[in-house]
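In what follows, chains carry the letters A, B, and so on, assigned in the order in which the sequence lines appear, proteins first and then strands, with residues in each chain numbered from 1.
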Amino acid sequence: MREIVIALVIRGLERLAQEGVLPPELARAFAERSAEFKVERPREKTHGDFSTNAALVLARQAGMKPRDLAQRLLDAMAADPASGVRCTIAGPGFLNFYLSEERLRQLIPQILQLGSKYGQTQVGTGERILVEFVSANPTGPMHVGHGRGAVTGDAIARLFAAIGCQVEREYYINDAGTQIDVLGRSVLFRYRECLGYPASAPADYYPGEYVTEIARALIERDGERWLSASERDGTRATLERPPEAVIDFAIDWVMQEIRADLELMQIRFDRWFSERSLHREGGIERALSHLSQQGWLYEGVLEPPKGREVNSDEVDGRKQLLFRASRFGDDADRPLLKADGTPTYFAADIAYHFDKAQRGYTRLVDVWGADHGGYVKRVEAALEAMTGRKGLLDVVLTQMVNLTQGGKQVRMSKRAGTFVTLRDVVDETGADAVRFWFLTRSSGAGLDFDLDLAKSKSNDNPVFYVQYAHARVCSLEVKLRERELEDVAGDLARLTAPEELDLIRLLGLFPETVESAAWSREPHRVTYYLSDLAAAFHGYYNQFRILDEDPQVRGARMALVRATGRVIANGLDLLGVSAPESM
RNA sequence: GCGCUCGUAGCUCAAUGGAUAGAGCAUCGGCCUUCUAAGCCGGUGGUUGCAGGUUCGACCCCUGCCGGGCGCACCA
């Protein structure tokens, strides 16, 4: 719908350029959405369906008063009244556009014809985007925080795809490092215990029940193979360094669980990228030597952080390999090798992002938990150092999820082993509720997830509210058949009520909502839109009898209702939520 | 102390630099003999944390305070 107005403005700009009032490049910049002025939706209804601030923004450049320029632009657009667009000058120099009722109604057959494609555009054509998300350590089950990142990343990927971008989804498996060793030790500890050779617990281990499950599975496969003689007589503590095969087994087990959890929420990845593969296949050396060639690495001593107590054993003052992150906006330079000579997590992450950068994407999106927020700058710095490009990476941080039940907070702690897993929550409330709910807030805001409310079938539950609107549409279809009413196309001109025209306007807003949600990486805009649309539909449904006696009216209202149902279904699909036909 | 982030109705939160800042919950009051009341309609409720600045125009951008969250050496 917006294209109608955009086309008009472009025509006006081109004509003013011919007349020498405005520079000629403006029209193209505007068409490409790179101009400073734009077509927007006025908040106030009396200001029309669309407005543009072009005259306000360009007045100085044109050496004219805003209202005078607005008049010139208005004349130049030569909006033909027959086109169904009326245009007026208002306020300090806005141009307001009013679509005729006839023009509005034309949207209905358009939506019905486009079907599942309505809402999709091609404005992102040419973009190749990689969305990396979840990337939870394979050291235990996913919790609800991971779930929020999973749902957010997947929705962002869907949004980009909807505006014509090429999108890939990727999961970075942190299957290296000390936490993995801890997992291995934890499994071995339980393994011995299960075999009847109790040992002292390792200094650091995961207490969760799932570790014992892994141990039992290991016994089932390998028997007592991983017990040494000294362990059998209980004289030795659990191995410091578990065998690779045991670690592999544990990682595979956990990753299988994680994949199953993601599958439960309909989340699928195009690629699973292993951190260990970087270590094994020289990826880290390659990335570091690349950085080194550019001169961004050096041997130096790190300044201790200010204003914070640092243990004396933490500060060794040794010379080490550092990356000049501070040259690219980070707060400090960052170490790349641990004291034992193995790469830091950051070094591996540099290598991973180097790999991604070399694959030719136009844009990288990483979805991280907010607790990793302090890490953003250094990765951005590394990417800029490696590619010479700023702004290739967009990091979306998701804030914590606060789980409540019956008004009480449900405490989660991985260390204490008392946490509610994502799967618990999905089993309890369903994937639709989890997905929708996790997208009801901007990702930067904390989120309360009320288990009882998410399950409830009430109007307080936004998921059901929206899904119910769709079910109502379908229910009307059923009623239409049951009563054997003639299903005529109807006369759309019979849709004259303000409620009907407003509903159409709202339907016309959908593609713009999708576009802005995608570019801003804010899926919650779609969620809000759907709640608004559902509210408008419920109101309409309550006030007007859809299955009217008059077949022309009935047909027209059914067309509007079907279009509404279609948009709700398309919107829910972008969030990965189902659109049930009955509830 | 530094960095990131958030401060908007009693609560939880929206609002691509636009015109009179919106929803839901809560609260108060209405609507079922009709297509699903799993719904709808109406009322109450605001100095957008504070102070400056940029702009024709600021919840939004910049600066400084105040307050909450997260992070801050070779943990990931």
Q. Roughly how many Å is it from CD in A:Q543 to P in B:rC41, rounded to a whole number?
A. 8 Å
Q.
Both A:G373 and A:S531 contact RNA chain B. Taking the nearest nucleotide for each, which residue is further toward the 5' end?
A. A:G373
Q. Hey, what do you get for CG (A:L278) to CZ (A:F273), rounding to the nearest 0.5 Å?
A. 4.5 Å
Q | Any side-chain donor near an acceptor of the partner, A:D175 and A:S274, under 3.5 Å | A | yes
Q | A:T178 side-chain proximity, nearest of B:rA76, B:rG69, B:rC4 | A | B:rA76
Q) In the 5'-to-3' direction, what one-character label does each nucleotide of nucleotides 11-19 of chain B receive under the scheme B = base within less than 4.0 Å of a protein heavy atom, S = sugar-phosphate only, - = no such atom? A) -SSSSBSBB
Q: Sticking with atom C1', work out how far B:rG68 lies from B:rC61, rounded to a whole angstrom.
A: 23 Å
Q: Rounded to the nearest angstrom, tell me the gap between atom CG in A:L509 and atom P in B:rA23.
A: 15 Å
Q.
In whole Å, measure the gap between the P atoms of B:rC62 and B:rU54 for me.
A. 15 Å
Q) Donor-acceptor pair, A:R521 side chain versus A:W519 backbone, under 3.5 Å? A) yes
Q) Rounded to whole angstrom units, what separation is found between the CG atom of A:L302 and the P atom of B:rC72? A) 14 Å
(Q) Checking understanding here: a glycosidic angle within 90° of 0 is syn, the rest anti, so what is B:rC32? (A) syn
Q: Could you pull out all residues at least two apart from A:Y298 that satisfy ring pair (Phe, Tyr, Trp, His ring centres under 6.0 Å)?
A: none
Q | Polar side-chain atom of A:R327 near backbone of A:W296 as donor-acceptor pair, under 3.5 Å | A | no
Q) Listed by chain and number, what are the ring pair (Phe, Tyr, Trp, His ring centres under 6.0 Å) partners of A:H538, not counting sequence neighbours? A) A:Y465, A:Y468
Q) Is there a side-chain polar atom (N or O) of A:R472 under 4.0 Å from OP1 or OP2 of B:rA37? A) yes
Q. Using atom P of each nucleotide, how far apart are B:rU20 and B:rG24 to the nearest Å?
A. 23 Å
**Q.** Modelled atom types, side-chain donor and acceptor of A:D432 and A:Q467, under 3.5 Å
**A.** yes
Q. Reckon A:K377 has a side-chain N or O less than 4.0 Å from the OP1 or OP2 of B:rU5?
A. no
Q: Would you indicate what A:F544 reaches in the nucleic acid, counting non-hydrogen atoms under 4.0 angstrom: base, sugar-phosphate, or nothing?
A: base
Q: Using the C1' atom on both, measure B:rG53 against B:rC72 and round to a whole Å.
A: 31 Å
Q | A:P335 side chain, from C-beta outward: closest of B:rC74, B:rA76, B:rC35 | A | B:rC74
Q. Between atom CG in A:L476 and atom C1' in B:rU34, what is the gap in whole Å?
A. 13 Å
Q. Quantified in whole Å, what is the P atom distance between nucleotide B:rU5 and nucleotide B:rU48?
A. 23 Å
Q: For B:rC13 and B:rC6, measure between their C1' atoms and round to the nearest Å.
A: 12 Å
Q: Could you work out which one of B:rC35, B:rA76, B:rG71 sits closest to the side chain of A:I546?
A: B:rC35
Q: Starting from P on B:rC74, measure out to CG on A:L337 and report it in whole angstrom.
A: 13 Å
**Q.** Distance, rounded to the nearest Å, where A:Y541 contributes OH and B:rC31 contributes C1'
**A.** 15 Å
Q) Where the side chain of A:R545 is concerned, which of B:rU34, B:rA76, B:rA38 is the nearest nucleotide? A) B:rU34
Q: Using heavy atoms to find the nearest nucleotide of RNA chain B for A:S582 and A:A176 separately, return the residue whose nucleotide is more 5′.
A: A:S582
Q: Please list, chain by chain and in numerical order, all residues satisfying ring pair (Phe, Tyr, Trp, His ring centres under 6.0 Å) with A:F323, sequence neighbours excluded.
A: none
**Q.** For atom CG of A:N402 and atom P of B:rC6, their distance in whole Å
**A.** 19 Å
For residues 368-381 of chain A, which side-chain donor-acceptor pairs fall under 3.5 Å, sequence neighbours excluded?
from: A:Y375; atom 1: OH; to: A:F346; atom 2: N; distance (Å): 3.4
from: A:K377; atom 1: NZ; to: A:D331; atom 2: OD1; distance (Å): 3.3

Q) How far, in whole Å, is B:rG22 from B:rA9 if one measures between their P atoms? A) 14 Å
Q.
Less than 6.0 angstrom from the centroid, inside 45 degrees of the normal: does A:R86 satisfy that with respect to the ring of A:Y98?
A. yes
Q: From the options A:V561, A:T564, A:L495, select the one residue that forms a side chain to side chain contact (heavy atoms under 4.5 Å, CB included) with A:L503.
A: A:T564
Q: Would you kindly give the NZ-to-C1' distance between A:K455 and B:rA38, to the nearest whole Å?
A: 17 Å
(Q) Regarding A:G539, tell me which of base, sugar-phosphate or nothing describes its non-hydrogen contacts under 4.0 Å with the strands shown. (A) sugar-phosphate
Q) Base, sugar-phosphate, or nothing for A:F346, non-hydrogen atoms under 4.0 angstrom? A) nothing
Q) Looking only at atom C1', what distance separates B:rG29 and B:rU44, rounded to whole Å? A) 11 Å
Q. For A:R334, which contact category applies under a 4.0 Å heavy-atom criterion: base, sugar-phosphate, or nothing?
A. nothing
(Q) Please convert RNA chain B into dot-bracket. A pair counts if it is Watson-Crick or G-U wobble with both distances under 3.5 Å; crossing pairs go in [ ] and bases paired with another strand get |. (A) (((((((..((((....[...)))).(((((.......))))).....(((((..]....))))))))))))....
Q. So do A:Y352 and A:E170 actually touch side chain to side chain, heavy atoms under 4.5 Å?
A. yes
